[in-house]
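Heads up: the structure comes next, in structure tokens.
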Amino acid sequence: MKIFIFTYDRFNEITTSRYFAQQDHFVLCHSKHAKDKFLQSGNIFGEIIATENPKGLSYNRNAALDMMQPNEWALFFVDDLIKLTILQSYYKQPTNELDIDFDNVPKYREEFKTECSAASFLQLCQETILHAEKKGFNLCGFSLTDNPLFRAKKYGYWSLSDGRCWLIKKTHLRFDENIQLIDDTCFTAMNLKEFGGVVNNNWILPNCQRYTAGAFGSIKKRLEQKIKECKYLTEKYPQFISYAEKSGWPLGSHIKIRQNRTYNKNQKTLF
């Protein structure tokens, strides 16, 4: 399984490559100039490739797909990992659902803080891939939150697969290059429409930085483009994506995956 780390101008802040220092991996940047600066920083521990693509995640996501064989799985990771944590008793659970309630949340909150090495994480990735293959799904994500109340079920099949850390099988799908900021919502919708579901492993949490220097920068800098992309996606995938309100943010700046639970992936229809 190939490992791809996507980066943009975080020459000194890139951390994910160090996490995978003992594993072969590719770091994808956009230009020869950026590649040279990354090499000078000393923070690259894999093979760095300058794609010469324009700024934007989707361009380099497609470049990574071009480096894969049909039906091959790969790990896609952003560049600013803080730490990766799992459920402490991950391997000991007799079922795929925990008995989490308000009374035992503190206990599980501590259990979910267990740090996971890169080697162990890759083993869990293989387990998650096998589960996805059985379901006939081709995109896997991990937990969206550290709140135990939302992590009782090990697997979820119809929600956002967070693009900070993905397992992707190469199919005929390509990333929509009109979308650069919220490509994970777009690609999740594409997979829901085409294959009828995704796999999200809620017992694993890749904790990453958000809206830091580099990439598309601060919230303010990316707001105008995000509103434009939200409009594009709600119009292109109205059955799968809708607007969402978020406190402190202007209307039209957030979207969500619609909670349609029954979908005929052969007929491409919702019930």
Side-chain angles (χ1 to χ4, degrees), residues 1-53 55 57 59-69 72-88 90-91 112-130 132 139-144 146 161-170 183-184 200-201 203-216:
M1 180 177 69
K2 292 186 176 75
I3 302 171
F4 295 98
I5 299 168
F6 301 88
T7 190
Y8 186 87
D9 287 4
R10 291 196 178 102
F11 308 113
N12 297 314
E13 294 81 13
I14 183 171
T15 56
T16 312
S17 184
R18 184 180 296 275
Y19 179 74
F20 289 107
Q22 302 304 313
Q23 287 78 30
D24 292 336
H25 62 274
F26 300 98
V27 179
L28 269 57
C29 65
H30 290 264
S31 68
K32 174 67 164 55
H33 174 71
K35 176 180 176 179
D36 291 342
K37 291 191 70 173
F38 274 112
L39 291 173
Q40 291 169 12
S41 75
N43 293 316
I44 301 299
F45 297 85
E47 179 181 350
I48 186 165
I49 297 173
T51 63
E52 301 299 337
N53 284 327
K55 176 183 178 180
L57 256 179
Y59 296 117
N60 275 4
R61 304 276 206 198
N62 283 331
L65 289 177
D66 290 339
M67 295 173 62
M68 297 167 60
Q69 298 299 315
E72 180 183 9
W73 284 88
L75 175 64
F76 283 22
F77 224 125
V78 295
D79 60 358
D80 53 2
L81 177 68
I82 299 171
K83 61 182 176 181
L84 196 144
T85 56
I86 63 171
L87 177 69
Q88 186 177 38
Y90 187 103
Y91 296 102
F112 273 119
K113 291 181 179 179
T114 305
E115 293 197 36
C116 183
S117 69
S120 295
F121 171 59
L122 292 176
Q123 291 179 349
L124 299 180
C125 285
Q126 293 296 341
E127 175 193 274
T128 305
I129 287 170
L130 287 175
L139 178 67
C140 305
F142 300 95
S143 181
L144 291 167
D146 62 358
S161 285
D162 192 318
R164 285 174 287 182
C165 183
W166 268 338
L167 294 167
I168 290 182
K169 182 178 181 178
K170 182 173 180 176
D183 64 303
D184 51 0
N200 289 323
N201 189 330
W203 293 358
I204 301 172
L205 176 63
N207 186 11
C208 305
Q209 298 280 357
R210 304 196 73 179
Y211 307 125
T212 55
F216 277 86

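Ser17 and Gly46 get closest at one heavy-atom pair: OG-N, 3.7 Å. What you find for Leu75 and Cys125 is that their closest heavy atoms are CD1-SG, 4.4 Å. In terms of heavy atoms, Ala34 sits closest to Ser31 at N-OG, 3.0 Å. Summarising the geometry of Ile5 relative to Val78, their closest heavy-atom pair is CG2-O, 3.8 Å, with the distance given to 0.1 Å. Here the shortest heavy-atom pairing between Gln123 and Tyr91 reads OE1-OH, 4.3 Å. Of all heavy-atom pairs between Gln126 and Met1, the closest is NE2-CB, 3.9 Å.
In this structure, Tyr59 OH and Asp183 CG are separated by 12.0 Å, a value rounded to the nearest 0.5 Å. Remark: Asp79 CG to Phe11 CZ distance equals 10.5 Å, nearest 0.5 Å. How far OG1 of Thr85 is from OH of Tyr90: 12.5 Å, rounded to the nearest 0.5 Å. Remark: Leu39 CG to Lys37 NZ distance equals 12.5 Å, nearest 0.5 Å. In this structure, CG on Asn53 lies 14.5 Å from NZ on Lys55, to the nearest 0.5 angstrom. The structure places CZ of Phe20 at 5.0 Å from CD1 of Ile3, a figure rounded to the nearest 0.5 Å.
Looking only at distances, no side-chain donor or acceptor of Ser41 sits under 3.5 Å from a matching main-chain atom of Asn12. Of the possible polar contacts, one joining the Glu52 side chain to the Lys32 backbone as a donor-acceptor pair under 3.5 Å is found. Under a 3.5 Å cut-off, the side chain of Lys170 and the backbone N or O of Met68 do form a donor-acceptor pair.
Between Val27 and Phe38 there is no side-chain heavy-atom pair separated by less than 4.5 Å. Residues Tyr19 and Pro206 are not in side-chain contact: their nearest non-hydrogen atoms beyond the backbone lie 4.5 Å or more apart. Between Ser143 and Phe112 there is no side-chain heavy-atom pair separated by less than 4.5 Å. Between Phe76 and Leu65, the closest side-chain pair of non-hydrogen atoms falls below 4.5 Å. Residues Leu167 and Phe142 have side chains in contact (heavy-atom distance under 4.5 Å, counting atoms from C-beta outward). Side-chain atoms of Asp146 and Asn207, non-hydrogen and from C-beta on, never get closer than 4.5 Å to each other. Residues Asp184 and Trp166 meet the side-chain proximity criterion, which asks for heavy atoms closer than 4.5 Å.
Residues passing the side-chain hydrogen bond (donor to acceptor under 3.5 Å, both in side chains) test with Asn43: none are found, sequence neighbours excluded. Scored by the side-chain hydrogen bond (donor to acceptor under 3.5 Å, both in side chains) test, Thr128 finds Asn201 as partners (sequence neighbours excluded).
For the side-chain contact (heavy atoms from CB on, under 4.5 Å) criterion with Leu28, the lone passing option out of Leu57, Ile48, Thr51 is Thr51.
Figure legend: cation-pi geometry between Arg61 and Phe6, with NZ or CZ positioned under 6.0 Å from the six-membered ring centre and within 45° of its axis.
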Checking side-chain contact (heavy atoms from CB on, under 4.5 Å) for the pair Thr15/Ile82: CA distance, chi angles, key distance, verdict?
CA-CA 7 Å; Thr15 56; Ile82 299 171; over 6 Å; no
Please report the C-alpha distance between His25 and Phe77 in whole Å, then the side-chain angles of each, then the deciding distance to 0.1 Å, and finally whether the side-chain contact (heavy atoms from CB on, under 4.5 Å) criterion is met.
CA-CA 10 Å; His25 62 274; Phe77 224 125; over 6 Å; no
Between Ser161 and Asn200, is the side chain to side chain donor-acceptor pair (under 3.5 Å) condition met? List the steps.
CA-CA 6 Å; Ser161 285; Asn200 289 323; 2.7 Å; yes
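Atom CG of Asp24 is surrounded by 12 or fewer heavy atoms from other residues, nucleotides or ligands within 6.0 Å.
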